[in-house]
Novice: 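My questions all concern the structure below.
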Amino acid sequence: MNFNLNFNNVTQNYLFAEVANRTAKYAAAHPEKQVLKLGIGDITLPLAPAVIKALHSAVDEMSNKDTFQGYGPYEGYDFLRENIRTYYKSNGVELDVDEIFISDGAKSDLGNILDIFSAENTVLIPDPVYPVYVDTNVMAGRKIIYANATAENGFLPMPESNIHADIIYICSPNNPTGAAYSKSQLKEWVDYADKNNAIILYDAAYECFVKDKSLARSVFQIDGARTCAIEFCSFSKTAGFTGTRCGYTVIPKEIKKDGGSANKMWLRRQSTKFNGVPYIVQKGAAAVFTEQGQREIFANLEVYNRNAKLIAETLDELGIWYTGGKNSPYIWLKCPHNMSSWQFFDYLLENAQVVGTPGAGFGKNGEGFFRLTAFGSEKTTFEAVQRIKNLLKN
């Protein structure tokens, strides 16, 4: 027996575990202090009433032998896939139902999709980046090259003709930086992928925050993307499913090579390694797309949008450089006084009892930057920005 020694190359202490550990130690040492958390991107508002109603109804169905559901389709129930197809159509994207695969979340699929690609592929990943992109490829032993995202390019790196990659990760709006590609910028990436016979793994987990019409809600709004892109999305931030778990992946039938079809290979992978998302959860997810569900979810999203706007306006007032805060629930700020990311984390925790996420945990280009999220309650966010303002205004 031998272990996969590539695991030795993965950072052993996961970023958010270290944030939680430092926060817990401070809270234990200072029980009289109230710590406000704007770090981990977890939602704080409950599921929409329309979703709760659908979940209850599905539970009732499971109690009756005439409506009980056992194993479901590996790719998801058609009632949910049809709703997702209609949602894409509202954004000008035509999909076939069998191009949509239901999963337990975008994070899982972003890692699992690598099963259908050769371990010899070279991977291009932006830096800074959401850790799952890097870690899953390190675990597989793939060669990784990095696209430098910096303040100079607005944390939106563009393709370079002298760099060849087989697999390209793009997240827009981005986690952690909040920056979002324009449609014209995404077109450059699509053209680059087509020219290099590469595949784009496009993380659209935050598409619901996009309001600017010049930005894409889906990579499939870009001409040519159907031959070179796979899209991942989630109900976690859209509808508060972080604890309920449901997402979906879109794989166009046009993605083929050497007689293989990405769509068919993914179905084969899922049917071998995955038994599907629970019927109850999928019924709740389907309610997201009802007229009532959309109204209720939009109201929740507006709370987070107001939080983001408040944080952004506070940083504007303080004269602190940042990206995000618009079309994104994340705000990526330059640490004041040239502090390192972890120095600023400790400074903010000890002096204002506010928790964010150090940018260094997202890659070397994240050093000196800091992420705040808009997913706190309105009360928590308001109090947190007042503390930050009072601490940093001088």
Side-chain angles (χ1 to χ4, degrees), residues 6-7 10-11 14-16 40-42 74-76 84 99-119 121-147 149 165-177 180-181 186 189 193 198-208 216-220 225 228-238 241-242 244-252 255 262-263 265-267 269-270 272-274 276-277 285 328-330 361-363:
N6 290 312
F7 273 68
V10 177
T11 302
Y14 188 52
L15 168 63
F16 297 109
I40 295 177
D42 195 2
Y74 299 112
E75 60 271 46
I84 293 171
E99 293 177 320
I100 301 166
F101 298 83
I102 308 303
S103 72
D104 60 355
K107 181 178 181 180
S108 299
D109 279 5
L110 281 159
N112 293 334
I113 196 69
L114 297 173
D115 281 3
I116 73 172
F117 298 111
S118 167
N121 284 324
T122 297
V123 183
L124 180 63
I125 301 177
D127 178 345
V129 72
Y130 183 46
V132 69
Y133 306 163
V134 175
D135 291 351
T136 50
N137 281 286
V138 170
M139 291 171 183
R142 284 187 179 82
K143 178 184 176 182
I144 300 174
I145 53 179
Y146 292 95
D166 305 301
I167 299 173
I168 304 160
Y169 283 84
I170 294 177
C171 179
S172 183
N174 185 267
N175 179 12
T177 70
Y181 282 108
L186 285 178
W189 275 111
I199 193 79
I200 294 173
L201 302 183
Y202 188 84
D203 186 348
Y206 305 96
E207 60 83 22
C208 60
R217 299 288 293 269
S218 166
V219 71
F220 300 120
C228 66
I230 295 174
E231 183 160 291
F232 306 82
C233 204
S234 168
F235 291 93
S236 288
K237 306 307 191 297
T238 303
F241 274 52
T242 51
T244 310
R245 307 309 307 148
C246 194
Y248 52 91
T249 294
V250 179
I251 306 184
I255 301 177
N263 184 285
M265 291 174 70
W266 183 244
L267 175 59
R269 187 267 177 206
Q270 293 296 79
T272 298
K273 293 188 174 184
F274 185 58
V277 176
S328 170
Y330 295 117
F362 297 102

Novice: Just do the side-chain contact (heavy atoms from CB on, under 4.5 Å) check on I84 and I102 with the steps written out, would you?
Specialist: CA-CA 10 Å; I84 293 171; I102 308 303; 3.6 Å; yes
Novice: So which heavy atom on P252 is nearest to which on E99, and how close?
Specialist: CA-OE2, 3.4 Å
Novice: Restricting to ring pair (Phe, Tyr, Trp, His ring centres under 6.0 Å), what partner residues turn up for Y74, sequence neighbours left out?
Specialist: none
Novice: Hey, does the side chain of D104 reach the backbone of V277 with a donor-acceptor pair shorter than 3.5 angstrom?
Specialist: no
Novice: Taking the side chain from E75 and the backbone from L267, do they hold a donor-acceptor pair closer than 3.5 Å?
Specialist: no
Novice: Roughly how far apart are R269 CZ and I116 CD1, rounded to 0.5 Å?
Specialist: 10.0 Å
Novice: Out of curiosity, S234 OG to D109 CG, how far, rounded to the nearest 0.5 Å?
Specialist: 10.0 Å
Novice: For L114 and M139: C-alpha separation, side-chain torsions, deciding distance, then whether side-chain contact (heavy atoms from CB on, under 4.5 Å) applies.
Specialist: CA-CA 11 Å; L114 297 173; M139 291 171 183; over 6 Å; no
Novice: Could you tell me which non-hydrogen atom of A205 sits nearest to which non-hydrogen atom of T238, and how far apart they are?
Specialist: O-OG1, 4.4 Å
Novice: Do the side chain of S172 and the main chain of Y181 share a donor and acceptor less than 3.5 angstrom apart?
Specialist: yes
Novice: Tell me, do S103 and S108 make a side-chain contact under 4.5 Å, heavy atoms counted?
Specialist: no
Novice: Locate the shortest heavy-atom distance separating N6 from A140; write the atom from each residue and the value.
Specialist: ND2-C, 3.8 Å
Novice: Please assess L110 against D203 for the test side-chain contact (heavy atoms from CB on, under 4.5 Å), listing each intermediate value before the final yes or no.
Specialist: CA-CA 8 Å; L110 281 159; D203 186 348; 3.4 Å; yes
Novice: Find out whether F362 and P131 are in side-chain contact, i.e. whether some heavy atom of one side chain is under 4.5 Å from a heavy atom of the other.
Specialist: yes
Novice: Got a second to check how far I125's CD1 is from Y146's OH, nearest 0.5 Å?
Specialist: 5.5 Å
Novice: Would you check if W266 and N112 make a side-chain contact, meaning some heavy-atom pair closer than 4.5 Å?
Specialist: yes
Novice: State which residues pass ring pair (Phe, Tyr, Trp, His ring centres under 6.0 Å) with Y133; sequence neighbours excluded, sorted by chain then number.
Specialist: Y130, Y169
Novice: Are S218 and Y202 side-chain neighbours, meaning at least one heavy-atom pair lies under 4.5 Å?
Specialist: no
Novice: Does K237 reach the main-chain N or O of G41 with its side chain, forming a donor-acceptor pair under 3.5 Å?
Specialist: yes
Novice: Using side-chain heavy atoms (C-beta onward) and a distance below 4.5 Å, is I230 in contact with I113?
Specialist: yes
Novice: Pair F101, N263 - check side-chain contact (heavy atoms from CB on, under 4.5 Å), show working.
Specialist: CA-CA 9 Å; F101 298 83; N263 184 285; 3.7 Å; yes
Novice: Can you measure from SG (C246) to CZ (F235) and round to the nearest 0.5 angstrom?
Specialist: 5.0 Å
Novice: Indicate yes or no: at least one non-hydrogen side-chain atom of I199 is less than 4.5 angstrom from one of N121.
Specialist: no
Novice: Identify the heavy atoms of C228 and I255 that sit nearest to each other, and give their distance.
Specialist: N-CG1, 4.2 Å
Novice: For C171, does its backbone N or O pair with a side-chain atom of N174 as donor and acceptor, under 3.5 Å?
Specialist: yes
Novice: Measuring from M265:CE to I251:CD1, what's the distance to the nearest 0.5 Å?
Specialist: 10.0 Å
Novice: Which pair of non-hydrogen atoms, one from I168 and one from A198, has the smallest distance, and what is that distance?
Specialist: CD1-CB, 4.0 Å
Novice: With sequence neighbours excluded, what pairs up with T136 under the side chain to side chain donor-acceptor pair (under 3.5 Å) test?
Specialist: none
Novice: To the closest 0.5 Å, what do you measure between CZ (F232) and NZ (K107)?
Specialist: 14.5 Å
Novice: Do you know which two heavy atoms are closest between L124 and A147, and how far apart they sit?
Specialist: CD1-N, 3.8 Å
Novice: Heavy-atom distance under 4.5 Å between the side chains of P329 and Y206, does that happen here?
Specialist: yes
